[in-house]
Asker: 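Dropping the structure in here first, questions after.
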Amino acid sequence: MAQKPSIPKGTRDFSPAEMVRRNYIFDTIREVFQKYGYMPIETPAMENLDTLLGKYGDEGDKLLFKILNSGDFLSKADEKLLAQKDSSRLTGQISEKGLRYDLTVPFARFVVQHQGELTFPFKRYQIQPVWRADRPQKGRYREFFQCDVDVVGSDSLFNEVELVQIVDEVFRKLGIRVIVKLNNRKVLAGIAEIIGESSRLTDITVAIDKLEKIGLEKVNAELLEKGLSNAAIEKLQPILSLSGTNNEKLDRLSYILASSETGIKGVNEIREVLTILEALELKTGIELDLTLARGLNYYTGAIFEVKALDVEIGSITGGGRYDDLTGIFGLKNVSGVGISFGADRIFDVMNQLELFPSEVTASTQLMFVNFGPREGLWCLKLATELRQQGLKVEVYPDSARMKKQMNYANKKNIDFVALVGEEEMKAGTVTLKNMESGEQFSVSPGEIAGKIRKRK
RNA sequence: GUGAUUGUAGCUCAGCUGGUUAGAGCGCCAGAUUGUGGCUCUGGAGGUCGCCGGUUCGAAUCCGGUCUUUCACCCCA
């Protein structure tokens with residue numbers, strides 16, 4: 001052992017057992033996306049740094065993984081900056097590429113760059129890893145997968161509705177009970193407006209987003225610290241403590257926000273989405289939650305978040321509408337709305353609740369023990385036939401000691417083992433052994449498939 | 001970026017206030033059983049005690065640094 005191998009902080013290997021489960025989640029999500037007419041795209045792991053910088057706020061810029069230029073990158077760097085060890089300013093000279101931070105910004109870039117080839121409204125999904133140089137902690141990694149669905153080029157609220165339908169269908173298929181939380185940035189903007197703190201919208205949303213986690217008092221304390229007036233915080237209280245059914249909340253809100261044009265627009269949008277959803281009779285519960293803010297600043301309309309009902313884990317899916325994401329890349333007036341499924345957290349939820357169906361983890365159904373070249377070849381032929389009948393079959397590659405071969409089958413949880421030695425070949429039979437019960441019988445090759453299928 | 005925390009065999013961990021050849025369980029390999037896995041028994045392999053430096057006659061043990069693990073904050077999926 002020369003050195004202990006390891007992987008970078010916050011990254012993970014996935015074992016076969018984990019991969020079949022992860023793929024089950026990805027496949028399920030993909031299938032639903034396609035059912036609604038969304039098509040897959042992929043973008044490079046790395047983007048030009050100027051595509052990424054400035055899109056996620058100062059905090060986000062810090063969390064970008066930057067890629068060193070190739071070659072003698074230092075020779076072109078500014079001597080003074082080098083001498084001063086000014087890393088932040090030096091970065092621009094020695095790095096021009098970075099790993100993608102999310103899928104939404106690369107998607108916006110994609111839309112602008114390929115606008116001539118696309119048909120709008122453009123519906124796409126994208127399942128790829130993203131990277132953040134965050135410090136890892138519970139349920140947070142430096143490399144993780146996002147499953148995004150977005151539609152751009154349509155202002156219709158039908159799109160919001162459709163995304164909720166997709167959420168409903170995905171989680172129903174996976175067997176996870178969830179609640180969809182809905183809010184609207186326009187409502188939040190309206191609230192900021194009527195309490196006279198329009199310019200502090202971001203501070204307000206970041207603070208009230210924590211309401212559930214840290215409580216009303218601490219939220220107020222944070223708002224005060226951010227420089228909001230006592231009067232404004234006072235005015236905010238009845239809004240934060242709003243309760244009742246969705247409709248009751250909406251009625252109260254339209255009264256409170258009456259003087260804010262933006263606020264009322266937001267209320268109406270929520271009302272319309274909820275009304276349509278009601279007509280569609282979804283299984284998933286939908287709750288208007290004013291404290292739902294989501295950090296991402298580019299959201300301008302609806303905001304979604306999905307929480308699992310049976311596990312404490314935070315949100316497992318989230319998204320919203322952004323009116324001008326492509327604007328920064330030079331394409332104006334293209335509105336989009338999308339959501340992102342958090343595959344890693346969904347995985348954790350399903351594991352905890354043991355929701356993975358047994359077929360998902362099923363391994364090889366039949367393994368032929370290898371007795372030697374002649375027997376092996378005979379088995380290879382039979383295995384080929386059985387595979388054509390849809391069975392999962394393998395032939396042990398080496399004529400190793402039988403104990404070793406049986407052990408392999410046992411460890412791999414293989415259902416049946418077939419023994420074909422000299423005797424069986426002469427008699428034209430196969431000795432089939434059920435690895436679970438240990439029972440063993442002699443059958444003809446034609447009976448094998450039936451015996452194995454009967455077990456299910 | 002801030003504050004804690006962890007690191008000893010492939011894995012999970014023990015190793016008392018520094019003292020001789022660093023242990024256990026599980027796993028692995030071999031045998032009991034040369035065409036039969038899981039159970040049992042017997043034997044065996046496997047460790048520069050994360051790394052670098054310091055204190056000391058002597059360091060897995062104490063000190064400093066560094067990396068790593070986990071957790072909270074910031075932020076976020």
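Here the structure is a predicted model, which is why all the values come from computation and not from measurement. Just so it is clear: chains get the letters A, B, ... in the order the sequence lines come, proteins before strands, and each one is counted from 1.
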Asker: For A:Leu157 and A:Glu160: C-alpha separation, side-chain torsions, deciding distance, then whether side chain to side chain contact (heavy atoms under 4.5 Å, CB included) applies.
Answerer: CA-CA 5 Å; A:Leu157 292 174; A:Glu160 274 83 342; 3.8 Å; yes
Asker: For nucleotides B:A22 and B:C16, find the distance between their P atoms and express it as a whole number of Å.
Answerer: 15 Å
Asker: How about A:Ile41 and A:Phe107: do any of their side-chain heavy atoms sit closer than 4.5 Å?
Answerer: yes
Asker: Would A:Phe144 count as stacked on B:A77 if the rule is ring centres under 5.5 Å and plane angle under 30°?
Answerer: yes
Asker: Can you check nucleotides 65-69 of chain B for protein contacts, nitrogen or oxygen pairs under 3.5 Å, and list what you find?
Answerer:
unit_1	atom_1	unit_2	atom_2	d
B:U68	OP2	A:Lys9	NZ	3.4

Asker: Of the nucleotides B:C74, B:U36, B:A77, which has the atom closest to the A:Thr431 side chain?
Answerer: B:U36
Asker: Can you confirm whether A:Met46 is buried at CE, in the sense that more than 12 heavy atoms of other residues, nucleotides or ligands lie under 6.0 Å from that atom?
Answerer: no
Asker: If you check every side-chain atom of A:Met402, which of B:C75, B:G37, B:G35 has the closest atom?
Answerer: B:G35
Asker: Would you mind reading off the distance between A:Gln126 atom CD and B:A77 atom P, rounded to a whole angstrom?
Answerer: 16 Å
Asker: Give the nucleotide from the list B:U36, B:C75, B:G35 with an atom nearest to the side chain of A:Gln440.
Answerer: B:U36
Asker: Over all strands shown, is A:Glu424 touching base, sugar-phosphate only, or nothing at heavy-atom distances under 4.0 angstrom?
Answerer: base
Asker: Parallel, tilted or perpendicular for A:Phe171 and A:Phe341, by the 30°/60° rule?
Answerer: tilted
Asker: Quick check: A:Tyr396 with A:Tyr408 (ring centres under 6.0 Å apart)?
Answerer: yes
Asker: Does the side chain to side chain contact (heavy atoms under 4.5 Å, CB included) test come out yes or no for A:Arg140 and A:Arg345, once each step is laid out?
Answerer: CA-CA 9 Å; A:Arg140 287 171 67 175; A:Arg345 287 189 179 173; 4.3 Å; yes
Asker: How many whole angstroms separate atom CE of A:Met367 from atom P of B:U36?
Answerer: 14 Å
Asker: Describe the nucleic acid contact of A:Gly438 in one word from base, sugar-phosphate, nothing, applying a heavy-atom distance below 4.0 Å.
Answerer: base
Asker: Measure CZ/A:Arg135 against P/B:G3 and give the value in whole Å, please.
Answerer: 9 Å
Asker: So for atom NZ, which belongs to A:Lys173, do other residues, nucleotides or ligands contribute more than 12 heavy atoms lying within a distance under 6.0 Å?
Answerer: yes
Asker: B:U36 base to A:Gln405 side chain: any donor-acceptor pair below 3.5 Å?
Answerer: no
Asker: B:C62 pairs with which nucleotide, Watson-Crick or G-U wobble, both distances below 3.5 Å?
Answerer: B:G54
Asker: NZ of A:Lys210 versus C1' of B:C73: gap in Å, rounded?
Answerer: 9 Å
Asker: Phosphate oxygens OP1/OP2 of B:C73: is one of them under 4.0 Å from a side-chain N or O of A:Lys213?
Answerer: yes
Asker: Taking atom P in both B:C29 and B:G37, compute the distance separating them and give it to the nearest angstrom.
Answerer: 14 Å
Asker: Please state how far atom CG in A:Asp102 lies from atom C1' in B:C75, giving the value in whole angstrom units.
Answerer: 14 Å
Asker: Let me know the distance between CD of A:Glu59 and C1' of B:C75, rounded to the nearest Å.
Answerer: 5 Å
Asker: State which residue, out of A:Val420, A:Val443, A:Leu419, fulfils the side-chain contact (heavy atoms from CB on, under 4.5 Å) condition with A:Thr431.
Answerer: A:Leu419
Asker: Could you state the CG-P distance from A:Asp344 to B:A77, rounded to the nearest angstrom?
Answerer: 13 Å
Asker: So if I take every side-chain heavy atom of A:Tyr141 and compare against B:C75, B:A77, B:G35, which nucleotide ends up nearest?
Answerer: B:A77
Asker: Could you check how far CG of A:Asp203 sits from C1' of B:C74, rounded to whole Å?
Answerer: 13 Å
Asker: Dump every N/O contact between nucleotides 29-32 of chain B and the protein below 3.5 Å, one line per pair.
Answerer:
unit_1	atom_1	unit_2	atom_2	d
B:A30	OP1	A:Arg401	NH1	3.4

Asker: Report yes if at least one side-chain N or O of A:Gln137 is closer than 4.0 Å to OP1 or OP2 of B:A72; otherwise report no.
Answerer: yes
